[in-house]
Amino acid sequence: MLSDFTLEELEYAIRRLNPKKSPGPDVISGQMIVHFGEIAKKYLLNIFITSWRSANGADYPQSPYKIPHGHNFLHFYQTTYRANHSTVDQLFYLSQTIINGFQEKPHEKTVAVFLDLSSAFDRVWRQKLVDIIHSSGIKGNALLWINDLLRGRKFSVEFNGVRSKSHRLWAGVPQGSVLSPLLFLLYMDTIHPHIHPDTKIACYADDIALWHTHRHCSLRKRFKQNAERHCSLGKRSLIDH
């Protein structure tokens, strides 16, 4: 079992907190948390520790998340939220493949398919996500805590000072949570087993590019058909269950 959170970790999270984020139902804004004194910080730390020990997930303070460069548990094709990675890497990867094809004799042609998953964060199949997290080696209190964070979530809309009734959320990862980007990347990291070894893939969150290079133009139609089939299978296996 992992150790409890420390005051140093809490203060580090508060320093990275975006004070302009909207408050939750408790109406405690980021600006208030940034100005917490020592006593308030200790109370907040105790809430996190109690939540952790009971595996009863409550949202962390919202802050940007970067996956350290040395952590290689994600596939190389995914560059989102990863230190020293960007969309430029993916563009170079694709453009260099095209250039290499033209340098072959006879020339090789590259056909690509570009995908954008609609409302991807809101449509994650939670049961599958928990299974993926467990398979990745995250177990014990951490797995229970994440499972509690995901389940039983509700939302409401406030307009002109009037708040609507709460409605149950059956899919998706929490919007604005510091953990959500990492959870989504773990979820999307299951794509590559479904891709043919000769097909290249690059991802930036829910933006996906698939391409294949070959000298025979007749294979382009087959690649397009296979890509459409994989997209259909991927949608059924990853989204809205």
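Atom CG in Leu44 sits 8.0 Å away from atom CD1 in Ile28 (nearest 0.5 Å).
In this structure, the side chains of Phe5 and Leu10 stay at 4.5 Å or more apart for every pair of heavy atoms. Counting heavy atoms from C-beta on, the side chains of Ile98 and Leu94 come closer than 4.5 Å. Side-chain atoms of His212 and Glu108, non-hydrogen and from C-beta on, never get closer than 4.5 Å to each other. Put simply, the side chain of Ile132 reaches to within 4.5 Å of the side chain of Thr190, judged on heavy atoms. For the pair Asp207/Leu115, no side-chain contact is recorded, criterion being any heavy-atom separation below 4.5 Å from C-beta on. The side-chain heavy atoms of Lys154 and Leu169, taken from C-beta on, include no pair separated by under 4.5 Å.
Side-chain N/O atoms of Ser51 and Trp145 include a donor and acceptor closer than 3.5 Å. For the residue pair Ser164/Ser156, the side-chain donor-acceptor check at 3.5 Å is not satisfied. Under 3.5 Å, the side chains of Gln96 and Asn100 contain a donor-acceptor pair of N or O atoms.
Figure legend: Arg168 and Trp170 shown as a cation-pi pair, the cationic atom lying under 6.0 angstrom from the six-membered ring centre and within 45 degrees of its axis.
Under the 4.5 Å side-chain contact rule for hydrophobic residues, Val113 and Leu91 do not share a cluster.
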>> Between Thr110 and Thr213, is the side chain to side chain donor-acceptor pair (under 3.5 Å) condition met? List the steps.
In response: CA-CA 4 Å; Thr110 298; Thr213 301; 2.8 Å; yes
>> ring pair (Phe, Tyr, Trp, His ring centres under 6.0 Å) for Tyr93 and Trp211? Distances and angles first, verdict last.
In response: CA-CA 11 Å; Tyr93 184 24; Trp211 67 91; 5.0 Å; yes
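Contact record, Pro19 with Leu17: CD-O, 3.1 Å, taken as the closest heavy-atom pair.
Taking the six-membered ring where tryptophan is involved, the planes of His107 and Phe102 are perpendicular, since the angle between them exceeds 60° and thus also 30°.
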